[in-house]
Amino acid sequence: MSLSEFDRRVLEKVAQIPRGKVAAYGEVARAIGKKKAARAVGNALAKNPYPIIIPCHRVVKANLSLGEYSGGADKKKKLLEKEGVIFIGKTVRHEHVFKFYRS
DNA sequence: GAATTGACCAGCT
DNA sequence: AAGCTGGCCAATT
């Protein structure tokens, strides 16, 4: 069981998300150079080869709604709230959205 | 190797 | 404002 280049990129970027912040699948995809690969990003995270170094729960949808999560969306919401992310209904405050650096 | 699916996104009506 | 359509990427059947 090994990782693809694509997977590696995704993992690395997601691992960069600081505590208390969130990033959109599309933003991650953009950060790795494939802005249309949001779905593939989700799939890669769903496999989640290294749950320790990959805070998958910090990745949300582009519209700032929760998105899916292995184990339940409500769990994800609680985890994020624990990390200091403020939710407004089902959406995250835009203040907590993490922006990746562009080279 | 084609067709289907899945933790998505943007645009149009 | 809300719903539908097409598109794009990688993995699985």
Side-chain angles (χ1 to χ4, degrees):
Chain A
M1 176 62 192
S2 41
L3 298 174
S4 294
E5 303 276 326
F6 183 77
D7 290 333
R8 269 188 254 200
R9 291 249 176 57
V10 173
L11 304 184
E12 180 158 2
K13 292 302 174 193
V14 173
Q16 293 174 16
I17 305 172
R19 185 177 176 278
K21 297 232 171 176
V22 293
Y25 296 97
E27 285 294 315
V28 177
R30 183 178 291 204
I32 66 179
K34 289 182 169 128
K35 46 184 180 188
K36 303 301 183 318
R39 260 159 141 163
V41 170
N43 262 324
L45 292 177
K47 282 162 186 188
N48 202 354
Y50 297 110
I52 312 302
I53 62 174
I54 315 231
C56 313
H57 57 276
R58 290 182 195 157
V59 185
V60 292
K61 298 216 289 187
N63 61 330
L64 301 188
S65 63
L66 279 164
E68 300 297 313
Y69 183 66
S70 305
D74 59 318
K75 186 85 183 272
K76 179 175 181 178
K77 177 172 172 258
K78 282 176 186 170
L79 280 168
L80 287 172
E81 283 179 331
K82 270 185 197 186
E83 299 203 346
V85 177
I86 308 301
F87 273 81
I88 303 175
K90 268 292 179 275
T91 60
V92 178
R93 258 199 185 171
H94 58 286
E95 280 84 356
H96 297 289
V97 177
F98 176 74
K99 272 301 215 176
F100 290 101
Y101 297 156
R102 304 197 241 182
S103 17

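Order of the sequence lines fixes the chain letters, A, B, ..., with proteins taken first and strands second; residue numbering starts at 1 for each chain.
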Which residue, A:Val41, A:Asn43, A:Asn48, forms the side-chain contact (heavy atoms from CB on, under 4.5 Å) with A:Leu45?
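For A:Leu45, the side-chain contact (heavy atoms from CB on, under 4.5 Å) check succeeds only for A:Val41.
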
Please report the interatomic distance CD(A:Glu83) to NZ(A:Lys21), rounded to the nearest 0.5 Å.
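If we round to the nearest 0.5 Å, A:Glu83:CD and A:Lys21:NZ are 13.0 Å apart.
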
Flag, side chain of A:Arg58 to backbone of A:Ile17, donor-acceptor distance under 3.5 Å
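The answer is yes, because a donor-acceptor pair under 3.5 Å joins these two groups.
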
Given 3.5 Å as the limit, does a donor-acceptor pair link the side chain of A:Lys76 with the main chain of A:Leu66, or not?
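Here the side-chain-to-backbone pair exists.
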
Does A:Ile88 belong to the same Ile/Leu/Val/Met/Phe/Trp/Tyr cluster as A:Leu64, with side-chain heavy atoms less than 4.5 Å apart forming each link?
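No, A:Ile88 does not connect to A:Leu64 through the hydrophobic network.
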
P spacing across the pair C:dG6 / B:dA7, given as an integer number of angstrom
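Those two atoms are separated by 22 Å.
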
When you check every protein heavy atom under 4.0 Å of nucleotides 2-13 of chain B, what one-letter string (B, S, -) results, 5' to 3'?
----BBBS----

